[in-house]
There are 2 protein chains.
Amino acid sequence: MKSILIKNTLLITLDDNRPDYFNGDILLDHGLIAEICEAPASVDPQRADHIIDGSHLIVMPGLINTHGHAAMTLFRSFADDLPLKEWLEDKIWPIEEYLTADDVYWGTMLAIAEMIKGGTTTFTDMYFYMEKVAEATAESGIRAVLSRGMIGFGDSAAQGLRETEQFINNWQGREEGRINVYLGPHAPYTCPPEYLKKVMALAEKTSRPLQIHLSETKREVEESIRNFGKSPVELVYELGLFNYPVTAAHCVHLSDRDLEILADRQVGVAHNPGSNLKLGSGIARVTDMLEKGISVGIGTDGAASNNNLDMIEEIRLVALLEKGIKMDPTLVEAKTALKMATSIGASALNLKEIGILKVGFKADLIGISRNHPNLMPMHNPLAHIVYAAAAADVEYVVVNGNILLNKGELTGIDEEKIMYEASKHAERLVIENKGKQDE
Amino acid sequence: MKSILIKNTLLITLDDNRPDYFNGDILLDHGLIAEICEAPASVDPQRADHIIDGSHLIVMPGLINTHGHAAMTLFRSFADDLPLKEWLEDKIWPIEEYLTADDVYWGTMLAIAEMIKGGTTTFTDMYFYMEKVAEATAESGIRAVLSRGMIGFGDSAAQGLRETEQFINNWQGREEGRINVYLGPHAPYTCPPEYLKKVMALAEKTSRPLQIHLSETKREVEESIRNFGKSPVELVYELGLFNYPVTAAHCVHLSDRDLEILADRQVGVAHNPGSNLKLGSGIARVTDMLEKGISVGIGTDGAASNNNLDMIEEIRLVALLEKGIKMDPTLVEAKTALKMATSIGASALNLKEIGILKVGFKADLIGISRNHPNLMPMHNPLAHIVYAAAAADVEYVVVNGNILLNKGELTGIDEEKIMYEASKHAERLVIENKGKQDE
């Protein structure tokens, strides 16, 4: 499909040079946004191969999920309400031992199906068998930031570096730029300083950005201070990691000094409110980070700790939590929350030309249907999306100018088959895991 | 429809005498639950007039929304991200001045449509023009606790008492028991002690329970202590209000002494996490209340401060918030959160024979479709509903044995017409309000 016109719609561009919302038309051509008209101006319908009547839609930039582990959909609701250590060491790690490349493929496909249906146009992944994740990304049409998770201990340490380099060579920039490969050192507590130096050398060599888990739990910070006399943020900063573009996931427990460092080094943050609550990790200092000018994007984390990949739900949590915790309803207003999930998220991931509806930017956008009781009446569309909308209200999803969700139906991938295969693979994993435990 | 059989389904009964979940059949007859079979046992299909294939469903008790102001859907996203005083005094109260009985009817219908679609089978309302709310309740088939909100100041004080008594006489117990009329003194700060005594006299005369807003904000508690030397809870307790069955909405700011009183007097609490966060009111002491044995139900509050009426979202918030705030992932586990939205909610509202799937109880239940990517695979259905499900996954809603939602479609009310009328009425309110402000 070469060019698509969405006509007579309500646009939220998140472009600061435009009104917060307005009625108009948007033309997509060759994967880019070609024109945006504010009514009464309009785009000549002759210019489009395909026209979508947008009169019942709110059209806005696609949602950018800045952190996750897609294939962990296989472990959705497998382990809940448990202490973090037990959840990880007794439940998640043992069953992950049985993961095959095929499992990761179907688990990722399931995640992608769920994410597209909920309006996500870019997702971020750090996991294993990343070639399979890249294949699923390629086939599905979604945009992604993909990292082979690297652990600096044991046999897999060197292997992680080798596979990362291979993965970059094989996939970086492919699928018309939809696939972005980043380096993924897991965390300072799993990647000792000597190892992080090797990771930095690879970043230098490949010119690729990085993502890393940072200061997710209080315990992690306490142990870092005990072992190194520094917080995780200080530790990796002093090692020089922030000389490269970095997205730091979580950043729940930050000191004022940590905040200064992240702001000064323009480190992007992937904030995962649902996962941080569910695992009892705590609540990040969102307003403090934003006030420092840090790009704080929003992420779902994996479905084993969320347990869905619903970005609208996370947007709402970001806006509500900060108001409630600080007892100030003016904090993280609707527009800020939407930007965190789009334009600020793009900055947090060091991605260009997505997150705003703007001529010349990539045609990554979503159409949310207003024809639902929960979105009636229509006083303010920004507040509607942040405080009232649901994933199921998403009716259109476009990535790189291709329609991935059309009238609520996935166009490029087979939802029934994905659900069947992912369930079958999850079932096998549970049986193998149980067999081992019974031995 | 006399009898309905849901066959081969996955049942979450929330009956402590049964497993947490099991496969089986459930038979509904004459508005009641007639039989529940655990597979391999089954109900003879000959006994049912209508059979639903439940093989893709999770069937559980209908959700009980313990607090709200239904017609405030008309003000959804009308005023957001504002300081509480400005939100109320500059936005909500002025526009409420223009409300007509017809507005309340359509606003309530919109709320009911949204609530049924999201799995709510009982809602709670405190508002104006309650005859219209009762009509909407009667027509829609939903179950409700309805109160004419009473304010103890000015001309309307005596009128509130008179209309409440009339409303009880006209509607209490009607529609096969679906309509429950309670007394609704708004709050201690709007109902002075002398007025509350008159309310209690009416409770004595009519033998009807009460609902009241209590300790929603820190400021309310501080003012009560300044004016009366007592917290709001202590104040109404010492007046004798808790000698009657009471549901107290919010209870965000409670002292240990308040907790003791609520527990001792078996006061039900309607906890509204979304609204409390959004208005910056704070976060209630949920675990402390539950540990004292207080019945803590869940409510959405009105759509002007939420901004939807999605009970599954509120259930999730209850479970996530407590874990995150206390940094303990074992708090408010999935089963507890589900009970708060069902059986405990029924207790909080002093309602009998709903909230559990149990023979002889009312046939109020919902069927949630598992055929969605966000509910695959299926390791634990309770965790699925609390942490992964969405309102849109609700496929069947039954109240008093009548199917109100069938394969996701509202059966008894006209969704398109309701959305059209509610929007039109909201538009008129905004225009009248604006006209006045421009004068």
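From a predicted model like this one, the values you see are computed outputs, not experimental measurements. Residue numbering restarts at 1 for every chain, and letters A, B, ... go by the order of the sequence lines.
Per-residue heavy-atom pair counts under 4.5 Å with chain A were compared for B:Pro273, B:Ala319, B:Gly282, B:Ala113, and the maximum is reached by B:Gly282. Each of B:Glu416, B:His379, B:Met419 has some count of heavy-atom pairs under 4.5 Å with chain A, and the biggest count is that of B:His379. No other option in B:Leu321, B:Asn380, B:Thr217, B:Leu331 has as many heavy-atom pairs under 4.5 Å with chain A as B:Asn380. Interface remark: of the candidates B:Glu313, B:Met378, B:Lys326, B:Glu313 forms the most heavy-atom pairs closer than 4.5 Å to chain A.
We find the CG-CG distance between B:Leu320 and A:Leu279 to be 10.0 Å, quoted to the nearest 0.5 Å. To the nearest 0.5 Å, atom NZ of residue A:Lys323 and atom CG of residue B:Asn276 are 14.0 Å apart. Here CG of A:Asn374 is found 8.0 Å from CG of B:Asp310. Values are rounded to the nearest 0.5 Å. Atom-to-atom distance recorded for B:Leu277:CG and A:Glu322:CD is 11.0 Å, nearest 0.5 angstrom.
Residue contact with chain A, scored on non-hydrogen atoms closer than 4.5 Å, involves the side chain of B:Lys218 exclusively. Interface residue B:Glu333: backbone and side-chain heavy atoms are both found under 4.5 Å from chain A. Heavy-atom distances place the side chain of B:Leu317, and not its backbone, under 4.5 Å from chain A.
At a threshold of 4.5 Å between non-hydrogen side-chain atoms, the residues A:Met327 and B:Ser281 do not count as touching. Proximity of A:Glu114 to B:Met376: side-chain heavy atoms (C-beta onward) are nowhere separated by under 4.5 Å. Side-chain contact between A:Pro329 and B:Lys278: absent, with no pair of heavy atoms (C-beta onward) separated by less than 4.5 Å. Between B:Pro373 and A:Leu309, every side-chain heavy-atom pair lies at or beyond the 4.5 Å cut-off. The shortest side-chain heavy-atom distance between B:Asn308 and A:Arg316 falls under the 4.5 Å cut-off.
Contact annotation for residues 420-430 of chain B against chain A (heavy-atom separation below 4.5 Å, listed by residue number): B:Ser423, B:Ala426, B:Val430. Of all residues in residues 383-392 of chain B, those placing a non-hydrogen atom less than 4.5 angstrom from a non-hydrogen atom of chain A are B:Ala383, B:His384, B:Tyr387, B:Ala388, B:Ala392. Residues of residues 73-89 of chain B lying under 4.5 angstrom from chain A, judged on non-hydrogen atoms, are B:Thr73, B:Leu74, B:Phe75, B:Arg76, B:Ser77, B:Phe78, B:Asp80, B:Asp81, B:Leu82, B:Pro83, B:Leu84 by number.
Remark: A:His372 pairs with no residue by the ring pair (Phe, Tyr, Trp, His ring centres under 6.0 Å) rule, at least two apart or across chains.
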